[in-house]
Amino acid sequence: MNNPEITPVAAQRRHTLFFLREFRSISPVFLDTEVDARALLAHRASAAGAGRRYSIASYLLQVGGRVLAAHPEANAAMTGGLWPKVARFPSVAGKLALDRRVGGKRVVLAAVLPGLENATLDTIQDQVDHYRDGDPDTMPEFAGARKLHSLPALIGRVAYRKVVRPLAGRARVLGTFSVTSLGHRPVDGFHSVGGTTITLGVGRIAERAVVVDGEIAVVPTFRLSLAFDHRVIDGAEAADVLADLVEGLAHYGNDQPVPAIGRVTEETAAR
């Protein structure tokens, strides 16, 4: 039997390891649901006809920004220890996970988009395009990650902790909620923890048989997951956030609501 090749972890992955170690104290609970994608796809198709492309992640960042602004208890962060403290932020910043290459190594990088409570979809998409199309080896926004890669591991871990631990600057460096999309691959659902009180995960859009107003229909849908830090909020608040996200995404751009899939009325909920 051949012996395995054993090598040190690539320096380009150090920021991920530092992140995972620093935020082990989060106590995540996971929710998920199905979202009707008809309104989003109609809006995307209309925009594409006018020469404008929007990503599903951009829709989620915009709707998420407005929902988190309406739920200030969830637009927050906590430090642990014997005397935990909570910071509630006056503005909403979304952290978007990106699949990029740094120094030839495939890694996850994070872009923070501020002011999402008022940002237009065009503004958000411009920022998303900037981070997705730019060169992570030279972009100034990723200079901090590159610096961590160059430091000895122990020093890098201390430096990372010094940057991300203070609550006052947490929104700037980590955002106030996180978004991860794997919809470009055959992934229906997944759950992750982005270091924020709320982390959203979105999978692929696919046509599925669902119940629409009491009848079977084929509708494009996607899974939306929400992980929340139970130290900061409870399940009822997280469920309200998820419900508002579904409402905003399923009815995006519609003056008239589309028929809901699997609608539960007050009467059926009481049974």
Side-chain angles (χ1 to χ4, degrees), residues 15-35 57 60-98 108-117 144-145 157 160-182 187 189-203 223-249:
H15 67 278
T16 298
L17 300 182
F18 298 155
F19 164 80
L20 293 173
R21 178 181 289 271
E22 178 64 22
F23 291 100
R24 289 181 300 178
S25 59
I26 284 179
S27 299
V29 178
F30 303 97
L31 310 177
D32 69 80
T33 192
E34 191 172 61
V35 180
L60 192 53
L61 285 163
Q62 187 192 33
V63 174
R66 283 150 175 73
V67 170
L68 266 292
H71 292 271
E73 292 297 314
N75 194 49
M78 174 177 280
T79 57
L82 295 177
W83 297 277
K85 296 181 180 180
V86 177
R88 294 182 176 86
F89 302 105
S91 183
V92 184
K95 185 182 79 168
L96 177 64
L98 301 166
V108 175
L109 292 175
V112 177
L113 286 68
L116 293 184
E117 67 276 13
R157 192 169 74 191
Y160 180 84
R161 181 187 303 167
K162 185 176 181 180
V163 170
V164 304
R165 187 164 289 187
L167 285 175
R170 188 76 63 84
R172 177 179 55 83
V173 297
L174 285 179
T176 63
F177 77 106
S178 303
V179 170
T180 301
S181 173
L182 292 177
V187 174
F190 67 100
H191 298 81
S192 64
V193 177
T196 49
T197 295
I198 296 289
T199 301
L200 305 176
V202 61
R223 302 299 300 176
L224 175 63
S225 67
L226 184 153
F228 69 94
D229 188 348
H230 207 337
R231 302 175 306 164
V232 183
I233 60 174
D234 295 323
E237 180 77 16
D240 288 345
V241 170
L242 185 59
D244 287 350
L245 287 166
V246 171
E247 184 77 9
L249 294 166

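Remark: side-chain polar atoms of Arg24 are paired, donor with acceptor, to backbone N or O of Arg21 under 3.5 angstrom. Arg223 places no side-chain N or O within donor-acceptor distance of the main-chain N or O of Gly201, the cut-off being under 3.5 Å. Although no hydrogens or angles enter the test, the distance criterion places a donor-acceptor pair under 3.5 Å between the side chain of Thr176 and the main chain of Ala93. Under the 3.5 Å distance criterion, the side-chain polar atoms of Glu117 are matched with a main-chain donor or acceptor of Val92. Under a 3.5 Å cut-off, the side chain of Asp229 and the backbone N or O of Ser27 do form a donor-acceptor pair. Not one N or O on the side chain of Arg170 forms a donor-acceptor pair closer than 3.5 Å with the backbone of Ala77.
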Got a list of side-chain donor-acceptor pairs under 3.5 Å for residues 235-245, not counting sequence neighbours?
residue : atom : partner : partner atom : Å
Glu237  : OE2  : His71   : ND1          : 3.0
Asp244  : OD2  : His71   : NE2          : 2.7

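Screening residues 77-88 for side-chain hydrogen bond (donor to acceptor under 3.5 Å, both in side chains) gives Glu73-Arg88 as the qualifying pairs, with residues at least two apart or on separate chains.
In this structure, Ser181 OG and Leu60 CG are separated by 8.0 Å, a value rounded to the nearest 0.5 Å.
Here Phe190 pairs with nothing under the ring pair (Phe, Tyr, Trp, His ring centres under 6.0 Å) rule; sequence neighbours left out. Shown here are the ring pair (Phe, Tyr, Trp, His ring centres under 6.0 Å) partners of Phe228, two or more places apart in sequence or in another chain: His230. Phe18 is linked by a ring pair (Phe, Tyr, Trp, His ring centres under 6.0 Å) to nothing, counting only residues two or more places apart in sequence or in another chain. Phe89 meets the ring pair (Phe, Tyr, Trp, His ring centres under 6.0 Å) test with no other residue; sequence neighbours excluded.
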key: Stepwise side chain to side chain contact (heavy atoms under 4.5 Å, CB included) test for Met78 and Ser25   = CA-CA 10 Å; Met78 174 177 280; Ser25 59; over 6 Å; no
Stepwise side chain to side chain contact (heavy atoms under 4.5 Å, CB included) test for Gln62 and Leu116 = CA-CA 6 Å; Gln62 187 192 33; Leu116 293 184; over 6 Å; no
key: side chain to side chain contact (heavy atoms under 4.5 Å, CB included) assessment of Leu226 paired with Asp32   = CA-CA 6 Å; Leu226 184 153; Asp32 69 80; over 6 Å; no
request  = Start with the C-alpha gap between Ile233 and Thr197, add the side-chain angles, then the distance that decides, and say whether side chain to side chain contact (heavy atoms under 4.5 Å, CB included) holds.
outcome  = CA-CA 8 Å; Ile233 60 174; Thr197 295; 4.2 Å; yes
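Counting only N and O atoms by type, the side chains of Thr196 and Ser178 include a donor and acceptor under 3.5 Å apart.
Using a 4.5 Å cut-off on side-chain heavy atoms (C-beta onward), Val193 and Phe30 make contact. Here the side chains of Thr199 and Phe177 are not in contact, with every heavy-atom distance at 4.5 Å or above. Between Ile198 and Val232, the closest side-chain pair of non-hydrogen atoms is not below 4.5 Å. In this structure, Leu174 and Val112 have side chains that are not in contact, with every pair of non-hydrogen atoms separated by 4.5 Å or more. Annotation: side chain of Val164 is in contact with side chain of Phe23 (closest heavy-atom distance under 4.5 Å).
Residues Gly115 and Ser91 share a closest heavy-atom pair of CA-OG, 3.7 Å.
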